Amino acid sequence: MYVGFDIGGTMIKYGLVSETGEILEQAQLPTPSEKEAILVALTEVVADYQTKSTLKGIGISAPGVIRRDGFMTTAGAIRSLYRINLKEEMMQRCQLPVFVENDANAAAIAEKWLGNAQNYNDYICLVLGTGVGGGVVINGQIYRGAHGMAGEFGFMLIDALPATGNLEAASVNWHGAVVGGLYPIYNRALRRSNPQAETVKDARVILARAKAGERIAQEVLDRYYQDLAVTCLNLLTSFDPEAILIGGGISANEDFMQGLLDKVAVVASQHEAINYLQDKTMGIVQPAKLRNNAGLIGAVYQIHQEIQEK
């Protein structure tokens with residue numbers, strides 16, 4: 001058995017996972033803000049599972065730029081984990097083998113193992129959550145880049161650059177993410193119409209309001225789909241993958257996926273060169289299969305493979 005963790009900006013998902021990727025138990029807890037509190041929480045989960053099963057190792061999925069040796073150059077919104085070696089920290093505390101993987105890479109690996117990428121050798125997993133992460137698989141292997149930063153598609157700039165201030169305002173993270181993009185964009189638009197409007201922090205509410213005819217939700221979603229469609233087409237033409245798999249909880253919503261696919265088709269049709277190629281040599285955009293469990297499963301696959309190879 002293995003313990004898998006998927007550390008997010010707001011919640012840590014964890015579970016007891018078999019060697020075949022089956023999640024036998026699963027739960028979650030709020031992500032603490034301080035490094036020591038995070039490490040204590042992870043260690044306590046491992047200790048609890050050790051009373052129930054014999055554990056072979058720990059797989060951890062986390063946001064940010066993560067080197068193969070477990071050093072976290074960044075950690076997304078979790079500032080307290082910047083510049084630490086999470087693998088070494090957890091090995092010292094738990095006395096078990098540990099593998100730490102970028103969350104989008106873990107999701108991409110999980111899709112190859114048990115999801116919608118089982119028949120692909122070259123594909124991209126685009127994960128929409130607090131930010132926008134990406135996992136790039138080339139010839140069946142994760143491409144990490146020279147510094148472990150490959151797949152940080154959220155940093156890409158897709159909008160007109162502001163004259164002053166943080167240029168990230170024009171980034172995919174601020175336009176295509178769910179928590180960091182869709183929510184604040186919608187809430188700002190809502191408050192321009194009604195300053196007393198209650199803050200919305202659920203994509204399902206925005207999608208339902210758009211479906212019910214709310215103009216603000218429809219306009220915000222239309223631009224949201226456009227920004228994601230542009231991102232997908234940039235990746236399709238830059239990497240030439242067989243497919244882009246859209247992950248994250250929002251990908252489970254059929255209205256969202258249909259809206260995105262429709263917008264990809266519209267934008268592609270308006271680009272002469274892409275329009276010529278799209279039915280001949282371009283990959284497809286489709287939902288990922290494992291969604292919210294992908295990071296946890298992919299992290300366990302990595303530690304399982306590492307142990308098997310020894």
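Values below: all heavy atoms of this structure, side chains included; hydrogens, waters and symmetry mates excluded. Quick note: residue numbers are just sequence positions, from 1. Since this is a predicted model, take the numbers as computed values, not measurements.
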Applying side chain to side chain contact (heavy atoms under 4.5 Å, CB included) to Asn102 and not counting sequence neighbours gives Ile66, Ala104, Asn105, Glu152
Can we say Lys211 and Asp255 salt-bridge, meaning some charged N sits less than 4.0 Å from an Asp/Glu carboxylate O? yes
Answer yes or no: is there a donor N or O on one side and an acceptor on the other, between the side chain of Lys13 and the main chain of Asn292, under 3.5 Å? yes
Is there a path of hydrophobic side-chain contacts, each under 4.5 Å between heavy atoms of I/L/V/M/F/W/Y residues, joining Val264 to Ile244? yes
Is the side chain of Asn187 donor-acceptor paired with the backbone N or O of Thr199 at a distance under 3.5 Å, no angle test? no
Flag side-chain contact, heavy atom, 4.5 Å: Leu182 against Ile206: yes
Short question: side chain of Gln218, backbone of Ala210 - any donor-acceptor pair under 3.5 Å? yes
Co-membership, hydrophobic cluster, residues Val205 and Leu221, 4.5 Å side-chain: yes
For Asn119 and Glu242, what are the C-alpha separation, side-chain angles and deciding distance, and is it a side chain to side chain donor-acceptor pair (under 3.5 Å)? CA-CA 10 Å; Asn119 296 320; Glu242 295 168 88; over 6 Å; no
If we check salt bridge (Lys or Arg N to Asp or Glu O under 4.0 Å) with Arg93, which of these qualifies: Glu36, Glu44, Glu88? Glu36
I'd like to know if Asp227 and Lys263 make a salt bridge, using a cut-off of under 4.0 Å between side-chain N and carboxylate O. no
Would His175 and Tyr224 satisfy ring pair (Phe, Tyr, Trp, His ring centres under 6.0 Å), going step by step from the backbone distance to the final call? CA-CA 7 Å; His175 286 259; Tyr224 183 64; 9.6 Å; no
For the pair Tyr225 and Phe256, name the ring-plane relationship: parallel under 30°, tilted 30 to 60°, perpendicular over 60°. tilted
Under a single-linkage definition using a 4.5 Å side-chain heavy-atom cutoff for Ile, Leu, Val, Met, Phe, Trp and Tyr, are Phe239 and Val267 assigned to the same hydrophobic cluster? yes
Following the transitive rule for hydrophobic clusters with a side-chain heavy-atom cut-off under 4.5 Å over Ile, Leu, Val, Met, Phe, Trp and Tyr, establish whether Leu290 and Ile246 coincide in one cluster. no
Taking everything shown except Glu198 itself, do over 12 heavy atoms lie less than 6.0 Å from its CD? no
If the plane angle is over 60° it's perpendicular, under 30° parallel, otherwise tilted; pick one for Tyr49 and Tyr14. perpendicular
From the options Leu233, Asn234, Leu235, select the one residue that forms a side-chain contact (heavy atoms from CB on, under 4.5 Å) with Thr231. Leu235
Could you check whether Asp262 and Gln258, counting side-chain N and O atoms only, form a donor-acceptor pair closer than 3.5 Å? yes
Say you draw a straight line from CD1 of Ile297 to CD1 of Ile23; how long is it, rounded to the nearest 0.5 Å? 4.0 Å
What is the distance from atom CD of Glu19 to atom CD1 of Ile307, rounded to the nearest 0.5 Å? 8.5 Å
Please find the pair of heavy atoms, one from Ala177 and one from Gly180, that lie closest to each other, and give the distance. CB-N, 4.0 Å
Any side-chain donor-acceptor pair under 3.5 Å between Ser61 and Asp103? no
Between Ser171 (side chain) and Phe155 (backbone), is there a donor-acceptor pair under 3.5 Å? no
Only counting residues at least two apart or in another chain, list the ones meeting side chain to side chain donor-acceptor pair (under 3.5 Å) with Glu168. none
With no hydrogens and no angle check, is any side-chain donor or acceptor of Gln141 less than 3.5 Å from a backbone partner on Ile138? no
Can you tell me if Thr51 uses its side chain to pair, donor with acceptor, with the backbone of Asp48 under 3.5 Å? yes
Heavy-atom side-chain proximity of Phe153 to Val172 below 4.5 angstrom: no
Interatomic distance, Ile12 atom CD1 to Leu29 atom CG [nearest 0.5 angstrom]: 5.0 Å
CA sep, side-chain torsions, deciding dist, call: Ile124, Val137, side chain to side chain contact (heavy atoms under 4.5 Å, CB included): CA-CA 6 Å; Ile124 289 171; Val137 176; over 6 Å; no
Between Val300 and Ser18 the two heavy atoms that sit nearest each other are CG1-O, 4.4 Å
Check this for me: Phe71, atom CZ, are more than 12 non-hydrogen atoms of other residues, nucleotides or ligands nearer than 6.0 Å? yes
Can you confirm whether Asp69 is buried at CG, in the sense that more than 12 heavy atoms of other residues, nucleotides or ligands lie under 6.0 Å from that atom? yes
Where the side chain of Glu111 meets the backbone of Lys289, is there a donor-acceptor pair that is under 3.5 Å apart? yes
Starting at CD of Glu34, measure out to CG of Leu81 and round the result to the nearest 0.5 Å. 10.0 Å
Within the side chain of Thr130, is there an N or O that forms a donor-acceptor pair under 3.5 Å with the backbone of Gly9? no
